[in-house]
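Worksheet for the structure shown next.
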Amino acid sequence: MYGEELRVRREAAGLTQLALGEAVILSPSMIAHIEAGRRKPRRDDAKRLDRTLGTDGFFTRFLPTLEGRRYAEHFTEAADAETRAIAIYEYAVSLVPGLLQIGGYARALFEAQHANYVREEVDKLVVNRLVRARILSASNGPAVWVILSETVLRLVVGGPAVMAEQLRHIFELGRSGRVLVQVVPHSAGAHATMMSMMSLMCFEDEPDAAYVEGLYTGAFIDDPARVRAYRDAYDLAKAAGLSPEASLGVIESVAKEYDRHDLSVHP
């Protein structure tokens, strides 16, 4: 209904998708996606639609009805961007990126966030996280390059058995060629991205964007200068990392360490 309303208002204003796109700084294909209900505009885009079409705030006011409430508010825009990205570049400082997480790992994280939690609510959060990962199995899914600090491999989330399974999952994704994985070892010392997780996204018909996150907060960034700065930092992290082949060797080795530890605890 949101997209249909946009089409009706656009045609009433005598504008083509190209003309409206030029006025609100969106590509014609993005306008077409919004009208077809395949995409939703960002808040700033909705404000420009209202100004251009004289709709008295309609597209801004009703934008929240498209949210779905599947993710934390600060991550919603980034989650939507993931679904249309043609390439995703992740740097993880301490935790496995959400796209690569298995159920047991995600569950341990969500349970640790609350002193008291409702299991059914945690179940929903885990499902939402696993649904995100479906883009990795899609035939038209994005190219994905992930850089992991060695801390990600060493921080025990959910116990040794969960960590062994999680690292084997990452190893298999890397070995299959679906995800390119690099590890920045502790021996690399200081490097450009060591203080923050970061995700860079490239699109077919939109400017590149970045997403950075902290505790209960996050920022989706599409300012070209800031995105370039994040890309430069990512490139420096790549230079500090092990080769993809050596990285998979480290991941496999640490997974075996967790296997041995689990056997010693549960003979």
Side-chain angles (χ1 to χ4, degrees), residues 38-40 66-114 116-149 151-153 155-181 183 197-201 209 211-218 220 248 251-252 254-255 258-259 262:
R38 293 188 295 267
R39 299 284 187 268
K40 64 176 183 287
L66 309 182
E67 295 292 346
R69 305 300 181 188
R70 291 175 58 196
Y71 306 106
E73 183 177 352
H74 62 262
F75 182 65
T76 299
E77 192 169 7
D80 181 62
E82 279 183 347
T83 66
R84 59 183 190 271
I86 60 173
I88 298 174
Y89 304 88
E90 297 256 15
Y91 174 81
V93 65
S94 59
L95 300 174
V96 172
L99 284 177
L100 306 188
Q101 289 177 13
I102 62 170
Y105 189 97
R107 182 177 300 280
L109 288 179
F110 288 129
E111 290 179 353
Q113 289 176 7
H114 305 282
N116 303 101
Y117 58 85
V118 178
R119 185 168 297 278
E120 290 75 16
E121 292 301 316
V122 171
D123 290 343
K124 292 177 184 177
L125 293 171
V126 172
V127 169
N128 286 342
R129 182 147 296 181
L130 296 181
V131 165
R132 280 178 57 206
R134 290 179 182 173
I135 63 173
L136 297 180
S137 57
S139 59
N140 61 343
V144 179
W145 188 322
V146 176
I147 302 175
L148 306 173
S149 165
T151 300
V152 176
L153 314 184
L155 185 63
V156 184
V157 175
V162 170
M163 285 303 300
E165 183 182 0
Q166 175 65 77
L167 295 187
R168 281 195 296 270
H169 176 65
I170 296 172
F171 176 85
E172 292 301 329
L173 286 172
R175 183 61 73 199
S176 71
R178 183 61 190 88
V179 177
L180 195 152
V181 183
V183 173
M197 68 75 60
M198 175 178 61
S199 179
L200 294 162
M201 288 170 271
Y211 176 74
V212 293
E213 187 174 85
L215 184 62
Y216 304 127
T217 185
F220 184 82
L248 290 181
I251 291 170
E252 183 178 35
V254 177
Y258 284 122
D259 281 330
D262 192 51

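Values below: every heavy atom of this structure, side chains too, minus hydrogens, waters and symmetry copies. Note that the structure is a prediction, hence the values are computed from the model and not measured.
- The distance from the OH atom of Tyr91 to the OG atom of Ser199 is 14.0 Å, given to the nearest 0.5 Å.
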query = Under the side chain to side chain contact (heavy atoms under 4.5 Å, CB included) criterion, do Ile88 and Leu99 qualify, and how do the steps go?
reply = CA-CA 10 Å; Ile88 298 174; Leu99 284 177; 4.0 Å; yes
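- Between Leu248 and Gly174 the shortest heavy-atom distance is CD1-C, 3.8 Å.
- In this structure, CD in Glu82 is found 6.0 Å from CE in Met201, a value given to the nearest 0.5 Å.
- The heavy-atom pair separating Pro142 from Ala85 by the smallest distance is CB-O, 3.3 Å.
- With rounding to the nearest 0.5 Å, the separation of CG in Leu167 from CD in Glu172 is 12.0 Å.
- Considering only heavy atoms from C-beta on, Val162 stays 4.5 Å or farther from Val157 through its side chain.
- The two atoms that bring Glu213 and Thr217 nearest to each other are CG-O, 3.1 Å, heavy atoms only.
- Here the side chains of Tyr105 and Leu95 are in contact, with some heavy-atom distance below 4.5 Å.
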Side chain to side chain contact (heavy atoms under 4.5 Å, CB included) between Val146 and Ile170, intermediate numbers included = CA-CA 10 Å; Val146 176; Ile170 296 172; over 6 Å; no
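- Here the closest heavy-atom approach between residue Val152 and residue Ala92 is recorded as CG2-O, 3.5 Å.
- Of all the heavy atoms in Gln101 and Gln166, the pair that sits closest is CA-OE1, 3.3 Å.
- When the shell of 6.0 Å around CZ of Arg178 is examined, it contains more than 12 heavy atoms from other residues, nucleotides or ligands.
- For the side chain to side chain contact (heavy atoms under 4.5 Å, CB included) with Tyr89, the lone residue among Ile147, Leu180, Leu200, Val144 that qualifies is Leu200.
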request  = Please lay out, stage by stage, how Leu136 and Leu173 fare under the test side chain to side chain contact (heavy atoms under 4.5 Å, CB included).
outcome  = CA-CA 9 Å; Leu136 297 180; Leu173 286 172; 4.2 Å; yes
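- Aromatic ring orientation, Tyr211 versus His74: parallel (interplanar angle below 30°, classes split at 30° and 60°).
- Residues Val93 and Met198 fail the side-chain proximity criterion, which asks for heavy atoms closer than 4.5 Å.
- Atom CZ in Arg175 sits 10.0 Å away from atom CD1 in Ile251 (nearest 0.5 Å).
- Interatomic distance, CE of Met163 versus CG of Leu153, reported as 7.0 Å (0.5 Å rounding).
- Residues Val122 and Tyr117 share a closest heavy-atom pair of CG2-CD1, 3.8 Å.
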task = Run the numbers on Glu165 and Arg168 for salt bridge (Lys or Arg N to Asp or Glu O under 4.0 Å), then give the verdict.
result = CA-CA 5 Å; Glu165 183 182 0; Arg168 281 195 296 270; over 6 Å; no
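- The distance from the CZ atom of Arg119 to the CZ atom of Phe110 is 14.0 Å, given to the nearest 0.5 Å.
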